[in-house]
Trainee: 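One structure, pasted below without further comment.
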Amino acid sequence: MTFFADLHVHSKYSRATAKNLDLENLYRASRLKGITVVGTGDFTHPAWFAEIEEKLVEAEPGLFRLKPELEKELDRHVPALCLADVRFILQAEISSIYKKDGVVRKNHNLVFFPDLQSVKRFNARLDRIGNIESDGRPILGLDAEKLLEITLDTNPEGMLIPAHIWTPWFSLFGSKSGFDRVDQCFGDLSGHIFAAETGLSSDPPMNWRVKDLDRISLISSSDAHSPMYLGRNATVFHSNLSFKDIRKALETGDPAQYGGTVDMYPHQGKYHFDGHRKCGVCLAPEKTESFGGICPECGKPLTLGVLNRVQKLAARPRGYTPENRASFQSIVPMADLLSEIFQVGPKTKKVGGHYDKLLESIGPELYILLECGIPDIEKAGVPMFAEAVQRMRAGRVKISPGYDGEYGKVEIFSKEDREALKGGGGKLFEDPAVRKKKSTGAKEKKPQENKACVPGKEPREKEELSAGPAEERLNSRQEKAVAFQGAPLMIQAGPGTGKTRTITEKIAFLIREKGVRPEDILALTFTTKAAGEMKQRIETRTGKKPCDVVAATFHSFCLMVLREYGGFDPMVANEEALAGFLDKACAEESIKPDKADLMIQKAKQRLFSVEDDLEPLFGPDQAETVRRIWKRYEALLAADGFSDYEDLIVRTVTLFNQNPDLLSKAKERFTYIFVDEYQDINHSQYVLVKTLACGGERLVVIGDPDQSIYGFRGSDRTFFNRFEHDFPGCEKIVLKKSYRSPQSILDASFQMITRQNNETGRERILSTLSFDSRLLILETAGRKAEAVSVGKMIEQMVGGTSFLSIDAGKVLDAPEKEFSFSDFAVLFRTKRQYDAFEEVFSTAGIPFQCAGREKREHPDVAVQGPEGEILNHDQDFWVPEAEKVSFMTIHAAKGLEFPVVFVAGCEQGLIPFFPKRDEPADLDEERRLFYVAMTRAEHLLCLTYAKKRMVFGKTEKREKSVFLQDIEKNLLLHRNTEFVREAKKNTPKQMELF
DNA sequence: AGGTCCACCGTTTTT
DNA sequence: CGGTGGACCT
């Protein structure tokens with residue numbers, strides 16, 4: 001049999017869809033339109049799937065029908081001539097946003113299954129990857145290739161069809177974030193892609209020009225967001241009614257089974273031509289070329305349409321027709337024809353009335369438009385309608401093309417036609433003047449030359465760079481730091497100034513130019529991660545792997561020394577064992593284990609022994625208690641032959657003190673000692689460094705005292721400031737160029753941080769970036785509102801156009817940038833703040849990951865790696881490449897950078913944090929924390945705060961952070977929640993294209 | 001031993 | 001508000 005199918009629709013659970021988009025109305029609309037097989041849409045949505053299970057029953061293999069009792073009820077409201085069978089096919093659309101080959105990709109794919117069980121399994125798998133509840137068309141950070149793999153894995157009979165493959169924002173071939181070829185997207189699985197959806201803005205002849213699509217069957221569907229749009233595009237089948245037969249028809253492309261498509265004129269689609277909706281500029285691709293892709297009105301890049309993109313990928317000329325091509329027919333939806341005839345909107349009562357009348361007297365819409373004889377149409381008595389259908393079938397329609405989200409406009413009758421037809425003249429049928437004509441743009445405007453070319457602004461300052469490949473280039477200060485020799489060196493490296501690069505370059509320089517043996521270089525760090533990264537970068541830079549430079553944490557270095565020089569092999573007790581010892585040691589004492597732990601560590605860090613006078617550290621009240629606990633703790637450790645971490649450093653220092661020979665040996669061995677993050681050094685580590693480096697010129701320390709945020713665990717930045725005193729004759733180099741943040745962010749953070757001691761005369765860091773952005777300050781009602789606002793901003797920015805350019809105040813003075821979820825970080829002072837955000841983001845379907853969240857169980861938040869796999873639940877980990885928004889504490893964010901940074905809770909009590917009620921413990925460290933937070937941003941920094949917040953069970957009024965008062969007003973853009981709402985209202989098009 | 005009630009407290013975190 | 005832990009009870 002021959003039938004029409006509409007294989008891409010949505011339900012009421014998708015964004016921006018009609019509330020009445022339920023199975024009953026899909027059924028009814030299918031009958032009115034003449035569609036036999038209709039997609040269910042949205043089967044991933046739990047509520048919608050429940051409706052599917054409840055209301056549908058299998059009719060033919062893999063196809064479903066409404067339960068008879070429901071059909072019966074509905075039959076009464078359908079014209080007699082439209083009473084035909086309707087079958088549902090299980091269908092959903094998945095929106096994938098992910099990075100591939102370093103580029104953000106966004107595409108939509110249709111997934112079909114022949115049975116409910118498969119859908120259940122499929123949904124269960126997606127549920128672990130992202131939030132499928134929040135929208136009928138879920139947004140997942142899932143690679144399309146992976147999605148295809150999951151589909152086939154769930155049921156090899158299932159099919160995945162890339163949706164509206166040409167739309168700029170979300171599609172396989174989209175100009176904004178798509179691919180050039182099918183195999184770039186689907187890799188080895190490309191063979192399983194045997195069909196693709198043309199979308200409203202392209203039709204088969206456009207697709208025929210692209211060689212990559214030769215083996216692919218084109219389908220056309222409505223992507224209906226309301227029942228009335230159903231069937232505006234459709235696919236024709238000459239097959240049996242079953243899932244298998246439909247699949248086979250598409251897979252083989254056999255003209256005996258697959259009958260091609262019915263398409264609206266692509267010019268009617270929203271993205272056919274190029275242009276700017278706001279500027280009223282609509283251009284054919286050739287014209288766009290002549291303007292260099294720049295809008296002649298506003299000077300920004302034009303939104304390129306589908307035709308443009310097709311031409312870019314097309315190997316064949318316009319009008320190329322392959323052999324054995326499937327047939328296709330162009331239509332104008334009946335409501336549009338009637339709207340044109342009566343010169344009223346397509347949704348008006350008048351159009352509706354005539355529409356109903358036509359269906360009642362002739363039959364379903366597709367039959368009227370495509371098959372019914374003209375005389376029969378005339379009999380229905382709708383004036384001019386038969387003529388309109390005839391012209392449409394002959395292609396005699398004029399359409400102003402759609403562009404940049406604006407639908408194209410259909411014109412069938414000119415003013416003169418209208419007059420003539422009203423006058424009853426029949427001449428028009430032969431009028432050769434009315435041929436198919438395409439406008440080159442209804443509102444095309446003349447270019448304004450001075451505006452037309454606004455390329456990127458000149459960089460703020462010309463970089464003095466040394467020669468060599470880009471990654472090796474250093475600015476003059478960095479170069480000086482690399483080449484400097486002859487005295488201890490301190491490099492002060494503010495945020496984004498290329499600290500690690502300078503240090504690795506210097507090490508590479510010593511090895512390459514100065515003949516220093518790699519194994520004679522010691523690089524000390526505070527974390528294993530930092531040590532690993534350092535090692536890796538040296539390997540990359542020197543091209544030698546493995547690298548023999550001793551890049552190690554303080555603790556692992558000490559362990560090495562104790563083994564190699566001290567002749568003993570300490571065993572460090574694990575966390576569990578240590579906790580056990582502490583528990584025992586604290587039994588019957590007034591100090592709790594975790595407090596005692598901190599105290600003992602503190603004493604060891606200060607190189608106190610258990611016999612020393614502890615009063616200077618803990619006061620007269622607690623000194624003796626601590627001593628008792630400490631003694632017991634040491635005994636317990638010794639009994640099992642354990643050490644704790646601090647012991648490693650203490651013993652190493654002691655070893656060197658007591659054995660000058662060993663010390664000389666160690667000094668001889670390491671001709672160079674590098675210390676990274678020197679501002680985080682504590683007393684015992686400082687003594688160790690000084691012991692090893694004393695008397696030589698071999699020491700290089702690097703760090704930034706403004707980023708010292710670990711005072712609570714012993715770090716003491718005064719060692720950094722004392723360096724010149726400790727190592728007389730040393731050289732100090734300050735790096736002053738930031739490669740990370742825009743100037744306003746640097747200035748704002750500078751103004752804030754220099755207030756710590758009312759500093760004056762310090763030089764600010766200069767940005768090397770060619771754009772700038774003001775800081776957005778967002779005031780929200782409460783913690784939920786704060787999370788919602790941030791979520792909405794992220795949605796808008798991921799959606800395509802930055803919401804930033806919408807606001808007249810303009811936050812970001814930068815070229816349009818594409819953001820993906822991994823580009824965002826939300827930073828918090830406390831982990832407690834995660835809660836509201838997790839809840840809101842889960843509901844909104846925005847993927848996120850929390851860094852360093854411990855002792856929290858969130859089985860509903862699956863931990864997912866970059867491949868969309870579930871990698872395990874035991875250890876909570878944060879994957880930088882995962883396509884997710886990062887939630888982290890400011891502490892955890894140190895050393896990282898993100899295109900867009902939100903700092904949540906910029907209010908008194910959180911930033912600065914008040915441990916008690918009224919006063920912060922260490923205002924300066926809180927200030928430095930905020931400094932670290934602010935300077936993570938590469939493009940945009942948004943500081944949010946809540947006007948009220950629940951604190952210890954009571955809702956409190958909150959004031960914005962005092963730190964914000966230290967920033968000049970002109971760098972800031974203050975907004976409240978309303979702003980987010982407004983911005984959202986103005987940009988519905990990106991996330992909901994159709 | 002296991003359960004219930006009430007008082008209390010509430011940051012940041014590496015080795 | 002919400003989790004923990006000590007005190008006290010069954």
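In what follows, chains carry the letters A, B, and so on, assigned in the order in which the sequence lines appear, proteins first and then strands, with residues in each chain numbered from 1.
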Trainee: Please determine if A:Lys784 and A:Glu839 form a salt bridge, counting it only when a charged side-chain N lies under 4.0 Å from a carboxylate O.
Mentor: yes
Trainee: Which listed nucleotide (B:dT15, B:dT12, B:dG10) is nearest to the side chain of A:Phe952?
Mentor: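 Minimum distance to the A:Phe952 side chain belongs to B:dG10.
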Trainee: Nearest to the side chain of A:Thr553, heavy atoms from C-beta on, is which of B:dT11, B:dT15, B:dG10?
Mentor: B:dT15
Trainee: For a quick test of reading the model: is some side-chain N or O of A:Thr528 closer than 4.0 Å to OP1 or OP2 of B:dT15?
Mentor: yes
Trainee: With centres under 5.5 Å and planes under 30°, do A:Phe712 and B:dT11 count as stacked?
Mentor: no
Trainee: Looking at the side chain of A:Glu646, which of B:dT15, B:dT11, B:dT13 is the nearest nucleotide?
Mentor: B:dT15
Trainee: From the list B:dT15, B:dT13, B:dT11, which nucleotide is the closest neighbour of the side chain of A:His891?
Mentor: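 Selected nucleotide (nearest to the side chain): B:dT13.
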Trainee: Send over the distance from A:Leu923 CG to B:dT11 P, rounded to a whole Å.
Mentor: 19 Å
Trainee: Nearest to the side chain of A:Lys831, heavy atoms from C-beta on, is which of B:dT15, B:dT13, B:dT11?
Mentor: B:dT13
Trainee: A:Thr527 or A:Phe913: which one's nearest nucleotide on DNA chain B is closer to the 5' end?
Mentor: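 First, find each residue's nearest nucleotide; the 5'-ward one identifies A:Phe913.
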Trainee: Examine the side chains of A:Glu786 and A:Thr944 and answer whether a donor and an acceptor come within less than 3.5 Å of each other.
Mentor: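 On atom types as modelled, these side chains qualify, holding a pair under 3.5 Å.
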Trainee: Among A:Glu779, A:Glu956, A:Glu959, exactly one meets salt bridge (Lys or Arg N to Asp or Glu O under 4.0 Å) together with A:Lys947. Which residue is that?
Mentor: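 It is A:Glu779, the one option of A:Glu779, A:Glu956, A:Glu959 that forms the salt bridge (Lys or Arg N to Asp or Glu O under 4.0 Å) with A:Lys947.
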Trainee: Side chain of A:Met950: nearest nucleotide among B:dT15, B:dT13, C:dC1?
Mentor: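 So the side chain of A:Met950 is nearest to C:dC1.
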Trainee: Which whole number of Å gives the distance between the P atom of C:dT4 and that of B:dT11?
Mentor: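 Their P atoms lie roughly 12 Å apart.
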Trainee: Mind checking A:Phe526 for me? I need base, sugar-phosphate or nothing, with any heavy atom below 4.0 Å counting as a touch.
Mentor: sugar-phosphate
Trainee: Please determine, for the side chain of A:His555, which listed nucleotide (B:dT12, B:dT14, B:dT15) has the closest atom?
Mentor: B:dT15
